[in-house]
Structure formats: C-alpha cells, structure tokens
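Chain letters run A, B, ... following the sequence lines, proteins first, then strands; residues in each count from 1.
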Number of protein chains: 2
Amino acid sequence: MDQPARKRGRPRLLDRDVGLDIAARLFWERGYEGTSTADLTKAMGINPPTLYSMFGSKEELYRQALDFSVSRENGRRSEILQSSLPVYEALRLYLYDIADGDTQPDKPPGCMVSTAVLQHAEENASVARMTAGLREASIQTLKARFDRAVEEDELPSATDTDTLARFYGAIIQGMSAQACDGACNALLKRMIDLALAAWPGKIIT
Amino acid sequence: MDQPARKRGRPRLLDRDVGLDIAARLFWERGYEGTSTADLTKAMGINPPTLYSMFGSKEELYRQALDFSVSRENGRRSEILQSSLPVYEALRLYLYDIADGDTQPDKPPGCMVSTAVLQHAEENASVARMTAGLREASIQTLKARFDRAVEEDELPSATDTDTLARFYGAIIQGMSAQACDGACNALLKRMIDLALAAWPGKIIT
DNA sequence: AACATTTAATAGGGATCGCTATTTTAATGG
DNA sequence: CCATTAAAATAGCGATCCCTATTAAATGTT
C-alpha cells in the first residue's frame with residue numbers, strides 16, 4: 001500500500017534527490033561558475049532538456065542543491081547548538097561538527113556555503129546574494145544563541161554578541177578556506193581550540 | 001639623460017603597470033573564472049592580440065597581476081611585522097593593515113589572495129595552486145615571526161607556532177570573506193581584537 | 001489495440017569563451 | 001624618402017557556454 005502511486009506517463013529515470021545530491025557535490029567542488037551544465041548533465045546521466053524540466057535553470061538548480069544540502073546539516077547542528085550544554089561547550093561541538101564537514105574523506109573539502117561565490121561576474125550577482133544570505137543566517141543563529149546565553153547569565157551582559165558571532169563566523173570561513181587548501185581535520189580542531197581561548201571570561205595559560 | 005630610451009617601432013599605447021593594475025582590479029572583484037578576456041581588453045582599452053602579446057595568456061596575466069599587487073603590499077606589511085614592536089603589537093598592526101586593505105572605499109572588498117579560487121573547474125587547478133601557494137607563504141611568514149618571538153622569549157617555548165599562524169590566517173581569510181559580504185572596517189577590527197584575546201598568556205575579562 | 005499523459009532523447013541556436021593569423025599603423029635609422 | 005622595426009587593429013577560429021524546439025519512447029487508461 002506504500003506504493004509511490006505510480007503516475008501515468010513515462011517514468012523518471014533520475015530521482016530528484018539523487019540529482020540534487022550529484023549537483024551539490026559538483027557545485028561544492030568546482031563552485032557555481034566553475035560548474036557547467038554539461039558537467040551536471042553528464043554526472044547525472046541525463047540530457048540537457050531533462051535538467052531544465054526538473055530544475056528550471058542552472059541558477060535554480062544551484063539554489064535547490066544548496067537548500068537540499070544545508071537542510072541535511074541544519075538539524076544536527078541546530079541540536080548541538082541549542083542543546084542543554086553550557087554555551088561554551090555547545091559552541092565547541094558545533095565548530096567541531098563543521099570541521100568534520102570540511103574534511104570528509106569522500107567529499108570535496110571545505111564548506112559548500114562558507115566560501116562560495118565570494119568573487120563573481122556581474123551576471124551572477126543574484127547567486128552571490130543567495131550564498132551571502134545563507135552565511136548571514138548562520139551568523140544570526142550563532143548570535144541568537146549567544147544572546148540567550150547573556151539572558152541566562154552564561155555570558156556577561158555587556159558582551160558584544162554580534163561581534164562574537166561574526167568572529168566565530170570568520171573562523172568557520174577560515175576553516176573552509178584552509179580545508180580547500182588541504183588542511184586536515186586535526187589542524188582545524190586545533191584552530192578551534194585556539195579560537196575558543198578568545199571566549200569572554202577565559203584565562204589562557 | 002633619464003630618457004626612457006625610445007625604442008624603434010610603434011610606441012605602446014598602454015603602460016604595462018597600468019594594465020596590470022586594471023587587470024588586478026577586475027580579477028579582484030570578479031575572480032579568475034568570473035573575469036573574461038573581453039572584460040580585460042575592454043577595461044584596458046586594447047584589442048585581444050595586444051593583451052596576448054603583452055601578457056601571454058589569461059593565466060599568465062593573472063599571475064603577473066597577483067605579483068604586481070602582492071609586492072605593493074608586502075613591503076609595508078613586512079615592515080610592520082618585523083618591526084621592533086612586541087610581537088603582539090606588531091601582529092595587531094599587521095592585522096589592522098589587512099583589515100584596511102579589505103575595506104578600501106574605491107577598491108573591491110576583501111583580499112585578492114585570501115579568498116581567491118577556492119573552488120574551481122578542473123582546468124583551472126594550476127591557478128588555484130598558485131593562490132593557495134600565496135596563502136601558504138603568508139602563513140609561513142607569520143609562523144616565522146612567531147618562531148622568532150619564541151626564541152626571543154616573547155612567547156612560551158612550548159607554543160604551537162604553526163597552529164597559531166594558521167589560526168590568524170583563518171582570521172585573515174574570514175575577514176576577507178565577510179568584507180566581500182559587506183562588512184565594514186570597524187567590524188573587522190573588533191573581530192581582530194577578539195582574535196588577539198586568544199594570544200597565549202592573555203587574561204581576558 | 002488505441003489513446004492520453006508524461007518523460008527522455010535528438011539536434012542544434014545564439015552568445016561568449018580564450019586565443020591568433022594577418023594586415024595596418026606609427027615610430028626610428030639610414 | 002625609403003627600409004626596418006615594433007606595436008595596434010581587423011577579423012575570425014574552434015570550442016564551449018546556457019538553454020530549447022521538436023521528436024521519440026514508455027507508461028496507465030479505456
């Protein structure tokens with residue numbers, strides 16, 4: 001009874017999510033401008049008209065592939081950050097999870113969002129705005145968690161949570177860049193430990 | 001007598017350094033893959049064959065434009081870092097100078113090297129290797145200064161200078177990314193101040 | 001079997017990509 | 001004035017870019 005309700009007409013050869021996964025991987029590795037529609041159709045095993053009927057356009061496919069990938073990570077990372085752990089420990093695990101994502105053995109290095117479309121041709125400005133928006137949203141998530149920590153007396157009330165969030169955002173972006181340049185997981189985590197030494201109230205030795 | 005020794009033949013319409021400056025600005029704003037040879041020739045006011053006779057190829061032009069730009073900054077930044085100031089203060093001024101470079105009013109945002117060609121088509125792998133090499137060199141410069149600080153008892157002898165250098169490298173890359181996303185100079189400097197709080201031996205309040 | 005519906009495959013269009021063979025122009029040297 | 005030198009301008013090459021009009025194939029329905 002769980003039948004996928006076979007519709008009429010010729011059946012699809014490519015599952016939509018499989019296609020998005022393949023596209024995400026290509027965009028992740030080569031960037032938006034470095035990935036051609038020919039690359040995409042070849043990797044998916046389809047012809048150009050199928051790509052356009054399934055996803056609309058290259059830009060729409062990129063957007064959907066980003067949504068698809070981001071939403072897969074968001075659940076776990078949100079759980080880590082919003083857990084009952086002390087904010088400092090939650091932040092550490094959150095950053096470790098991102099470091100793990102930057103250095104997965106069978107996936108492209110770095111983060112698909114953190115360092116994407118920073119430079120771009122004018123015609124791709126709207127794509128750049130999209131990735132910038134995702135980065136800003138991620139920073140706002142951090143800031144909201146820090147604001148809550150202030151309210152719950154885990155952080156001094158004078159804490160500049162905006163700058164604090166953007167600082168750890170910079171670490172996230174720097175980790176992605178260095179992962180692209182070949183940095184290993186252990187190095188990224190050593191960097192995180194250093195960055196956590198800047199946490200308000202810490203005494204470094 | 002300081003005559004530029006007018007050679008025979010038709011004189012050049014475009015000065016080489018002026019051309020490199022224009023090219024650097026375009027590559028800086030749009031990235032390597034986002035800048036076309038047509039963009040470059042149009043901005044320089046020349047025809048394609050002139051570009052190729054002057055600079056060899058698009059990739060060679062990118063390399064020369066990078067060298068041209070980097071060498072302009074390197075003198076001042078090296079002076080700051082190698083000055084007689086305490087290493088901690090030298091590092092602060094060094095990072096501030098980079099923040100200023102990321103947010104020059106009449107130039108593209110971010111750094112031309114820090115966040116360049118992180119993702120790329122396969123055919124541009126050699127270009128990516130080049131920018132990655134420049135980033136690594138910059139990190140090694142930091143590490144060398146920190147090693148000197150260890151020798152001169154400005155830092156504990158157990159200091160992991162490699163990780164320390166890569167941590168501040170990550171800050172530099174994160175600042176460039178956020179400048180590309182619109183961050184202002186003051187924000188970048190607040191982030192630097194936070195990053196300096198991670199300096200070994202600091203007591204944060 | 002014939003039809004309706006939905007997708008896949010073929011083939012290619014118009015624009016732009018990086019680049020170059022050839023010709024023209026502008027200077028100096030004799 | 002002519003020859004020589006060197007750079008600029010014209011014109012366009014083959015490849016690839018993103019995308020689509022059209023045709024063929026595979027299913028459920030009648």
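If you take CZ of A/Arg10 and C1' of D/dA26, they are 6 Å apart, rounded to a whole angstrom. The distance from atom CG of A/Leu14 to atom C1' of C/dT6 is 16 Å, rounded to the nearest whole Å. Between B/Glu123 atom CD and D/dT16 atom P the separation is 9 Å, expressed in whole Å.
In this view, B/Asp97 and B/Arg76, B/Arg77 satisfy the salt bridge (Lys or Arg N to Asp or Glu O under 4.0 Å) rule, not counting sequence neighbours.
Here the side chain of B/Tyr52 is nearest to one of C/dG18, D/dA9, D/dC18, namely C/dG18. Side-chain proximity of B/Ser57 to the nucleotides D/dC18, D/dT29, C/dC19 is greatest for C/dC19. Comparing atom distances between the B/Arg8 side chain and each of D/dT5, C/dA26, C/dA8 picks out D/dT5 as nearest. Distance from the side chain of A/Lys58 is smallest to D/dC19 among D/dA24, D/dA8, D/dC19.
Position along DNA chain C of the nearest nucleotide to A/Arg12 versus B/Glu59 favours A/Arg12 as the more 5'-ward residue. Position along DNA chain D of the nearest nucleotide to B/Gly9 versus B/Met54 favours B/Gly9 as the more 5'-ward residue.
At a threshold of 4.0 angstrom between heavy atoms, the contacts of A/Leu51 with the nucleic acid are absent.
Taking 4.0 Å as the cut-off between side-chain N and carboxylate O, A/Glu89 and A/Arg92 count as a salt-bridged pair. The pair A/Glu60-A/Arg63 meets the salt-bridge criterion, with a side-chain N (NZ, NE, NH1 or NH2) lying under 4.0 Å from an Asp/Glu carboxylate O.
In the region residues 17-49 of chain A, proximity to DNA chain C at under 4.0 angstrom, judged on heavy atoms, holds for A/Asn47, A/Pro49.
Listed for the B/Ser53 side chain is a donor-acceptor partner under 3.5 Å among the backbone atoms of B/Thr50.
Side chain to side chain, B/Ser176 and B/Thr115 meet the donor-acceptor criterion of an N or O pair below 3.5 Å.
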Inset, instruction - Decide yes or no on salt bridge (Lys or Arg N to Asp or Glu O under 4.0 Å) for B/Glu136 and B/Arg166, but give the supporting numbers first. - result: CA-CA 9 Å; B/Glu136 178 65 20; B/Arg166 293 184 194 280; 3.1 Å; yes

